[in-house]
Amino acid sequence: MPQTRKKLPNGVSKKDASAGQPASLLPGFEESCLPATADTVRHLTPGDHIPGLQKALLDWFAVHQRALPWRVSYTPYEVWISEVMLQQTQMERGVSYFLRWMQRFPDVATLAAAHEEDVLLLWEGLGYYSRARHILAAARKIMAEHGGVFPSDLASIRALPGVGPYTAGAIASIAFGEKLPCVDANVERVISRIFDVDSPVKQEPAAGVIHRWALKLVPEGKSREHNQAMMELGALVCRKKPLCGACPLAAFCISHHLGIADQRPVPGKRAVIKPVNAVTGVLRIGKNIFVQKRPPSGVWGNLWEFPGGRVEPGESPEQASVREFMEETGFEVRVTANYGVIRHGYTTYRLTLHCFGLELMNPCGGAEAEKYSEACPPPLQLTAAQQYKWTTPEELENLAMPAAHRKLADSLFNKPAATSDEPASATVRQARLTE
DNA sequence: AACCCGTGGCC
DNA sequence: TGGCCAAGGGT
């Protein structure tokens with residue numbers, strides 16, 4: 001639908017925002033009500049027109065919804081995996097991971113029988129790895145406590161590891177048709193605009209207001225379509241920069257009438273991004289590479305990495321690399337190569353990772369370093385990991401690693417692929433190789 | 001409530 | 001480039 005209404009500049013008067021545009025008026029909002037002030041518009045709440053709103057939304061969704069792999073059969077398993085995968089993850093990435101996941105773990109039983117390392121490897125690159133560990137734990141719980149059948153009642157769904165209020169509601173409504181809302185960031189945005197919620201949406205009282213409206217908007221017997229439609233509208237139309245000209249709910253939207261849709265939702269306070277200077281070192285004996293498996297909890301839980309840590313004040317990255325290796329493994333090492341810097345952005349900090357090649361000092365008996373591998377292991381004291389391994393470049397491919405460490409490993413052990421024109425879509429491994 | 005947990009795309 | 005963001009959950 002073309003943009004038919006003139007875009008309203010910020011600061012336009014409330015009267016100008018609505019005068020002479022009957023097509024944009026709330027249903028039942030007569031011309032005699034003009035001028036539209038914030039008070040008069042709010043008085044005519046969209047809540048008085050819920051059936052019309054519901055129908056407009058469902059009609060729009062029927063036409064404009066994207067074809068997505070989890071919108072085919074709506075099995076609880078697929079709904080669950082897709083919902084967790086898409087948490088904090090962009091749709092396009094989610095699709096490729098989802099397809100690969102379903103190929104590898106087609107059902108709860110297959111998943112429950114899998115090794116965690118394989119699950120994490122498949123998840124590698126998606127981040128928030130506790131999601132993968134929770135999914136596996138939940139699959140095993142479904143086998144143990146629900147006879148392998150995905151539970152259909154909200155309380156049992158909510159009791160699964162990694163399933164919070166959002167995901168429980170999403171599964172219950174989208175897979176089982178329960179009359180519950182799904183309130184994600186998309187829906188927060190849509191509702192905060194329709195009802196002109198003028199305080200930060202993540203906090204009270206806004207969160208409660210939004211949730212109550214969300215519940216009230218769910219039509220009887222159509223929660224699957226409605227909830228997806230709300231999220232789809234937020235993803236495609238009611239985006240950060242709203243496309244009100246294409247919105248099926250524009251006629252119901254208070255903030256649109258007031259010309260302030262782009263000022264909703266009201267954001268919370270922003271996180272401060274702090275720079276972090278860190279190091280990591282690749283220790284090799286012959287063709288073997290030292291890696292360690294991180295603790296189960298905390299950052300990158302159960303993932304493999306090269307040892308390292310922060311650069312302390314007054315310390316050079318080289319010094320930090322040697323010190324961290326001693327602290328984390330007890331190995332006395334020295335720097336033999338500088339592999340440069342990897343920069344990686346996180347939600348709350350920006351990492352500058354200095355990467356070095358290392359070798360052991362004082363090898364066993366003063367002989368060649370190869371003697372350290374198996375027959376004569378180096379004296380090891382792991383302090384920052386649960387497990388270690390002398391691995392090979394080939395095996396490294398099959399260990400789940402954090403993105404920055406994977407980037408380093410690829411730069412060392414994988415030739416950068418020749419200019420590839422194919423849309424690296426088959427597997428993530430291929431995408432990795434063509435980066 | 002506030003903070004931690006990852007990542008890559010976008011502009 | 002860098003700040004912001006995306007179908008949250010756990011503590």
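A, B, ... follow the sequence lines: proteins, then strands. Residue 1 opens every chain. The figures that follow rest on heavy atoms only: side chains count, while hydrogens, waters and symmetry mates do not.
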Where the side chain of [X] is defined as all heavy atoms beyond and including C-beta, which of [options] is the nearest nucleotide?
X: A:Arg158; options: C:dG9, C:dG10, B:dG8; result: C:dG10
X: A:His344; options: B:dG6, B:dG8, C:dG9; result: B:dG8
X: A:Asp184; options: C:dA6, C:dG8, C:dG9; result: C:dG8

| task | Tell me which of A:Leu160 and A:Thr89 sits closer to the 5' end of DNA chain C, going by the nucleotide each one is nearest to. | result | A:Thr89
Describe the nucleic acid contact of [X] in one word from base, sugar-phosphate, nothing, applying a heavy-atom distance below 4.0 Å.
X: A:Ala403; result: sugar-phosphate
X: A:Gly345; result: base
X: A:Arg133; result: nothing

[N] [atom2] sits how many Å from [X] [atom1], rounded?
X: A:Trp300; N: B:dC5; atom1: CH2; atom2: C1'; value: 11 Å
X: A:Arg131; N: C:dA6; atom1: CZ; atom2: P; value: 15 Å
X: A:Tyr97; N: B:dG9; atom1: OH; atom2: C1'; value: 14 Å
X: A:Lys202; N: C:dA6; atom1: NZ; atom2: C1'; value: 10 Å
X: A:Gln88; N: C:dC4; atom1: CD; atom2: P; value: 16 Å
X: A:Leu303; N: B:dG6; atom1: CG; atom2: C1'; value: 10 Å
X: A:Ile171; N: C:dG9; atom1: CD1; atom2: C1'; value: 13 Å
X: A:Gln90; N: B:dC10; atom1: CD; atom2: C1'; value: 8 Å

Would you say [X] reaches [N]'s phosphate, i.e. side-chain N/O to OP1/OP2 under 4.0 Å?
X: A:Ser130; N: C:dG9; result: no
X: A:Arg350; N: C:dG3; result: yes
X: A:Arg343; N: C:dG2; result: no
X: A:Tyr129; N: B:dT7; result: yes

| message | Can you confirm if the NZ or CZ of A:Arg284 lies within 45° of the ring axis of A:Phe290 and under 6.0 Å from the centre of its six-membered ring? | response |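 Not flagged: A:Arg284 not positioned over aromatic ring of A:Phe290.
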| field | A:Arg100 to A:Tyr97, cation-pi by 6.0 Å centre distance and 45° axis angle | value |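 The answer is yes, since A:Arg100 meets both limits relative to A:Tyr97.
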| Distance between P atoms of B:dG6 and C:dT11 (Å, rounded) | 14 Å
Ionic contact status for [Y] with [X], cut-off 4.0 Å:
X: A:Glu116; Y: A:Arg133; value: no
X: A:Arg310; Y: A:Glu324; value: no
X: A:Arg406; Y: A:Glu397; value: yes
X: A:Arg104; Y: A:Asp118; value: yes

| query | Side-chain donor-acceptor pair under 3.5 Å between A:Gln87 and A:Asp184, yes or no? | reply |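 Per modelled atom types, A:Gln87 and A:Asp184 side chains form no pair under 3.5 Å.
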| note | Contacts of A:Glu92 and A:Leu126 projected onto DNA chain B by closest heavy atom; the upstream (5') one is A:Leu126
| request: Could you pull out the closest heavy-atom pair between A:Asn227 and A:Leu180, with the gap in Å? | output: ND2-O, 2.8 Å
| field | Closest non-hydrogen atom pair, A:Met85 against A:Gly94 | value | SD-O, 4.1 Å
| said: So if I take residues 227-241 of chain A and measure heavy-atom distances to DNA chain C, which residues fall below 4.0 Å? | reply: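 Under 4.0 Å from DNA chain C: A:Met231, A:Lys240.
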| said: Below 4.0 angstrom, which residues in residues 63-85 of chain A have at least one non-hydrogen atom near DNA chain C? | reply: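 A:Leu68, A:Trp70, A:Arg71, A:Glu83, in order of number.
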| request: Please step through side chain to side chain contact (heavy atoms under 4.5 Å, CB included) for the pair A:Thr280 and A:Phe356, ending with a clear verdict. | output: CA-CA 6 Å; A:Thr280 192; A:Phe356 298 103; over 6 Å; no
| message | When you measure from the side chain of A:Glu232 to the backbone of A:Arg66, do you find a donor-acceptor pair of N or O atoms at a distance under 3.5 Å? | response | yes
| said: Should the side chain of A:Tyr128 and the base of B:dG6 be counted as holding a donor-acceptor pair, with the cut-off at 3.5 Å? | reply: yes
